[in-house]
Amino acid sequence: MNLFEEISQLVKETLKVITKRPESFNRTSLEKITIEPPRLAAYGDMATNAALVLTSKNDSPRDLAQELAIKLTKDKRILKAAVAGPGFVNLKLSLDCWHHVLKAILSDGDNFGRSNFGAGKRVNIEFVSANPTGPLHVGHTRGAVFGDALGNLLSFAGYRVTREYYINDAGAQIEALARSVYFRYLQAIGKKVVVDDMDYPGEYLAPVGEALAQQYGDKWADQPEQVWLKEIGDYAGDIMMKKIQEDLASLGVKMDVFFSEKSLYGTGRIEAALKQLQEKGLIYEGILDPPKGKFIEDWERREQTLFKSTEHGDDVDRPLKKSDGTWTYFAPDIAYHFDKIARNFDILIDVLGADHGGYVKRMKAAVSALSDGKVSLDTKLIQLVRLQKNGRPFKMSKRAGSFVTLRDLIETVGAGVTRFVMLTRKNDAPLEFDFDKALEQSRDNPVFYVQYANARVVSIFRRAKEEGIPITDDMLRNADLSVLNHEMEIAVLRKLAEWPRAVEMAARSNEPHKIAFFLNELAGEFHRLWNLGSDDSNLRFIQPNDIPASQSKIALVRAVSIVISSGLGILGVTPLQEMR
RNA sequence: GGCCCCGUAGCUCAGCUGGAUAGAGCGACCGCCUCCUAAGCGGUAGGCCACAGGUUCGAAUCCUGUCGGGGUCGCCA
């Protein structure tokens, strides 16, 4: 059930009947027709720009609009159609129509708002992909929440979603991790060591060193690096990865695939991917110019292996090998994306930190080249999180080893609050995360505001039971809805009817924050109606001594609860039954 | 210097593939509890949508340029 879709069909069919110039109905102008809630509620329930879009230069849009309006009123669902402004047609829908929407929501239940928008297309969302060198911090958390919610959103909208984590377990950072752990190991077996230059000085590595000491005693105490580097690196990386998975689990994020960068090395997979590019003539040996405007001290002109990414929209060609002959980060990442393409995804989405912005073009170029433009790569850059507490910002520094971790967040505010707050901003805007605000119980805190609405809903159900009002799904579905005729009750229904549209728009742009904003609006409509009950007892949901009227009103409440639950479900937040 | 993101009310931010008189919360001011949770609701005040051009019947939205803030720029990932 999607009311906007239904009215849109009606408008388009009506237009076909009345137009004298069918040739002006090319596909593009039909696609430009919108059916949307008007800016002002006073205009009506829906507005369409059809006449404006379809009128050719010399005709008056208002004439076509007028004709359209007259024809539309013939439909039962349309109570009133009026021409306004330059040629909009504002529609007022019949009470019956709204009641029909409510019945549809009740019978669709959890499925209300689901759609086939994605047409079963296969989407791969790669997110988090943090180096396994330490616990996840706040920045990773935002990426994790975003990716996971996007996954939920796209599933809801009819895509087949795979959530994926790329483990960077092959680069220099793992060796750095190994050295840091080695320090901790030496400490654990009682050696005096000077800890002044560790890459990862965080305390969290101390237990790893101790575990090594337990297992191996002083076996590695006086050994040179090449003896232990790889083994300790693998060992520590595995432990860190387990911790990361625990962190993700505590946030409610479950990956479908963990893809190891290491698995690309020594298996010919990098070479195979690059061969694809080679065959398209996109790989060559060449010399890059140093970046302009930025002085690099030890710049040396050097011939190296380059990917001709400029052929696919990048600004400069990109190196695939470092000066020591090993691969750059880019090379295995090309192989990784080649693997994703080979796994037959229709759409790839990479969720990256904002500091990877400079990486986007080359990766898109690679995907475009490898798939001959058949697979699209969408990148979502996640901006920084600024943490605040008591009005004062605090800093994160990985080098100092002191940073706010995902675990800190969950322990202080909980997973649900963390997730919701992080989804109240679009991904490309910086997010201010205030610990105090997140826990505050007020209108200013959107998490609370939405949860409070849900708690009120639940309290109505509870009260109804106490009053002996039967509210099974079946009874609500068959309730006589004619008592639902107040403007504010319709306003709630109007918002509910927008839900499928909101889902589609959020999915279209890969923007789960739109769901959070929608829920905030829906909660607002509901709180408003609730409060009207104190002025006018006829608007209370529970009508003493009138079971049928109570059931009708509770049917509306049930619909609100269905949509709030669905919406929170997409965000990955558990609805609260009561506030404490 | 190149590239990417951002600039909307005093503050924090929405604004849907271009659409009507640009919205919400906070803060300020004025109201609403004998009544389903007042942890809420109503109202008032507050704007040259950074600036300048362009496209269009129509621009906060699209294009170009300028200014301001952030990110990034071979051998980090």
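Being a predicted model, the structure only gives us computed values, none of them experimental. Residue numbering restarts at 1 for every chain, and letters A, B, ... go by the order of the sequence lines.
Of the C1' atoms belonging to B:rC30 and B:rG23, the separation is 22 Å, rounded to the nearest Å. When the P atom is compared between B:rG7 and B:rC63, the two are found 14 Å apart, to the nearest whole Å. Distance noted for atom P between B:rU61 and B:rG54: 14 Å (whole Å). One C1' atom belongs to B:rA28, the other to B:rG65, and the distance between them is 40 Å to the nearest Å. Comparing the C1' positions of B:rU64 and B:rG71 gives a spacing of 24 Å, expressed to the nearest Å. With both ends at atom C1', the span from B:rC5 to B:rA52 equals 22 Å, rounded to whole Å.
Residue-level contact check: A:Arg540 touches the bases, meaning some heavy atom is under 4.0 Å from a base atom. Within 4.0 Å (heavy atoms only), A:Tyr359 reaches at least one base atom of the nucleic acid. When heavy atoms are screened at a 4.0 angstrom cut-off, A:Ser442 is found touching the sugar-phosphate backbone but no base atom. Here A:Ala47 lies in heavy-atom contact (under 4.0 Å) with a base. Among the heavy atoms of the strands, none lies under 4.0 Å from A:Glu521. A:Ala455 comes within contact range of at least one nucleobase, with a heavy-atom separation under 4.0 Å. Note on A:Asp324: nothing from the nucleic acid sits closer than 4.0 angstrom, heavy atoms only. A:Thr34 comes within 4.0 angstrom of a base, heavy atoms only. Across all strands shown, A:Leu288 has no heavy atoms under 4.0 Å from either base or sugar-phosphate atoms. Nucleic acid contact for A:His356: base, since at least one base atom lies under 4.0 Å from a heavy atom of the residue. Nucleic acid contact for A:Lys321: none, since no nucleic acid atom lies under 4.0 Å from a heavy atom of the residue. Using a 4.0 Å heavy-atom criterion, one finds that A:Arg425 contacts the sugar-phosphate atoms exclusively.
Pairing partner, B:rA50: B:rU66, with both Watson-Crick or wobble hydrogen-bond distances short of 3.5 Å. With both pairing distances under 3.5 Å, B:rA20 is matched to nothing as a Watson-Crick or G-U wobble pair. Within the shown strands, B:rC32 is the pairing partner of B:rG40 under the Watson-Crick or G-U definition, both distances less than 3.5 Å. For B:rG1, the paired base is B:rC73 (Watson-Crick or G-U wobble, both distances below 3.5 Å).
When distances run from any side-chain atom of A:Lys426 to the nucleotides B:rU37, B:rG1, B:rA14, the shortest one goes to B:rA14. Nearest to the side chain of A:Asp444, among B:rG25, B:rC36, B:rG40, sits B:rG25. Counting only heavy atoms from C-beta on, A:Leu52 has its side chain closest to B:rG19 among B:rA20, B:rG19, B:rU37. The side chain of A:Pro86 lies closest to B:rG19, out of B:rC3, B:rA77, B:rG19. In this structure, of B:rA20, B:rA77, B:rG19, it is B:rG19 that holds the atom nearest to the side chain of A:Asn49. Closest contact between the side chain of A:Arg463 and the listed nucleotides B:rC36, B:rC41, B:rA77 involves B:rC36. For A:Pro291, counting side-chain heavy atoms from C-beta on, the closest listed nucleotide (B:rG23, B:rC41, B:rC73) is B:rC73. Closest to the side chain of A:Arg443, from the set B:rC4, B:rC26, B:rC36, is B:rC26. Looking at the side chain of A:Phe88, the nearest of the listed nucleotides B:rG74, B:rC13, B:rG19 is B:rG19. Picking from B:rA20, B:rG1, B:rC41 the nucleotide with the shortest atom distance to the side chain of A:Lys292 gives B:rG1.
Listed pair A:Arg39 / B:rA20 meets the phosphate criterion, a side-chain N or O lying under 4.0 Å from OP1 or OP2. At B:rC75, none of the side-chain N or O atoms of A:Trp327 fall inside 4.0 Å of OP1 or OP2 (strictly under the cut-off). Contact check, A:Tyr336 against B:rA77: no side-chain N or O comes under 4.0 Å of OP1 or OP2.
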| task | Could you check A:Glu126 against A:Lys340 for salt bridge (Lys or Arg N to Asp or Glu O under 4.0 Å), going step by step and ending with a plain yes or no? | result | CA-CA 10 Å; A:Glu126 182 205 330; A:Lys340 289 195 221 177; 2.9 Å; yes
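Under 3.5 Å, the side chains of A:Tyr336 and A:Glu164 contain a donor-acceptor pair of N or O atoms. Between the side chains of A:Asp350 and A:His337, at least one donor N or O lies within less than 3.5 Å of an accepting N or O.
Closest of all the heavy-atom pairs between A:Phe526 and A:Arg456 is CE2-CB, 3.9 Å.
Comparing A:Gln383 and A:Glu36 against RNA chain B, the residue whose closest nucleotide sits nearer the 5' end is A:Gln383. Comparing A:His527 and A:Ala354 by the nucleotide of RNA chain B that holds the closest heavy atom to each, the one mapping nearer the 5' end is A:His527.
Nucleotide B:rG40 holds its P atom 16 Å from the CE atom of A:Met488, rounded to whole Å. To the nearest angstrom, C1' of B:rC33 lies 12 Å from CZ of A:Arg456. One interatomic measurement links the two molecules: NZ of A:Lys32 to P of B:rU56, which rounds to 13 Å at whole-angstrom precision. Taking atom CZ of residue A:Arg386 and atom P of nucleotide B:rC6, one finds them 15 Å apart after rounding to whole Å. The nearest whole Å value for the distance from the CG atom in A:Asn445 to the P atom in B:rU12 is 18 Å. Taking atom CZ of residue A:Phe420 and atom C1' of nucleotide B:rG25, one finds them 13 Å apart after rounding to whole Å. Rounded to whole angstrom, the span from the CG atom of A:Asn520 across to the P atom of B:rG23 amounts to 18 Å. Computed from coordinates, the A:Glu175 CD to B:rC75 P distance equals 16 Å when rounded to whole Å.
The side-chain heavy atoms of A:Ile471 and A:Ile469, taken from C-beta on, include a pair separated by under 4.5 Å. A:Arg318 places none of its side-chain heavy atoms less than 4.5 Å from the side chain of A:Lys308. No side-chain heavy atom of A:Asp317 sits under 4.5 Å from any side-chain heavy atom of A:Glu311.
Looking at A:Arg302, its side chain has no donor and acceptor atom pair within 3.5 Å of the base of B:rC75. In this model, no side-chain donor or acceptor of A:Ser534 finds a partner on the base of B:rC35 within 3.5 Å. Checked by distance alone, A:Asp298 brings a side-chain donor or acceptor within 3.5 Å of a matching partner on the base of B:rC75.
Sparse packing is recorded around CD of A:Glu487, with 12 or fewer heavy atoms of other residues, nucleotides or ligands lying under 6.0 Å away.
A glycosidic torsion no more than 90° from 0 defines the syn conformation, and B:rC33 adopts it.
Taking the ring centroids of A:Tyr449 and A:His527, they lie under the 6.0 Å cut-off.
Between atom OH of residue A:Tyr200 and atom OG of residue A:Ser180 there is a gap of 7.5 Å, rounded to the nearest 0.5 Å.
Stacking here means ring centres nearer than 5.5 Å and ring planes tilted less than 30 degrees, and by that measure A:Phe517 does not stack onto B:rA14.
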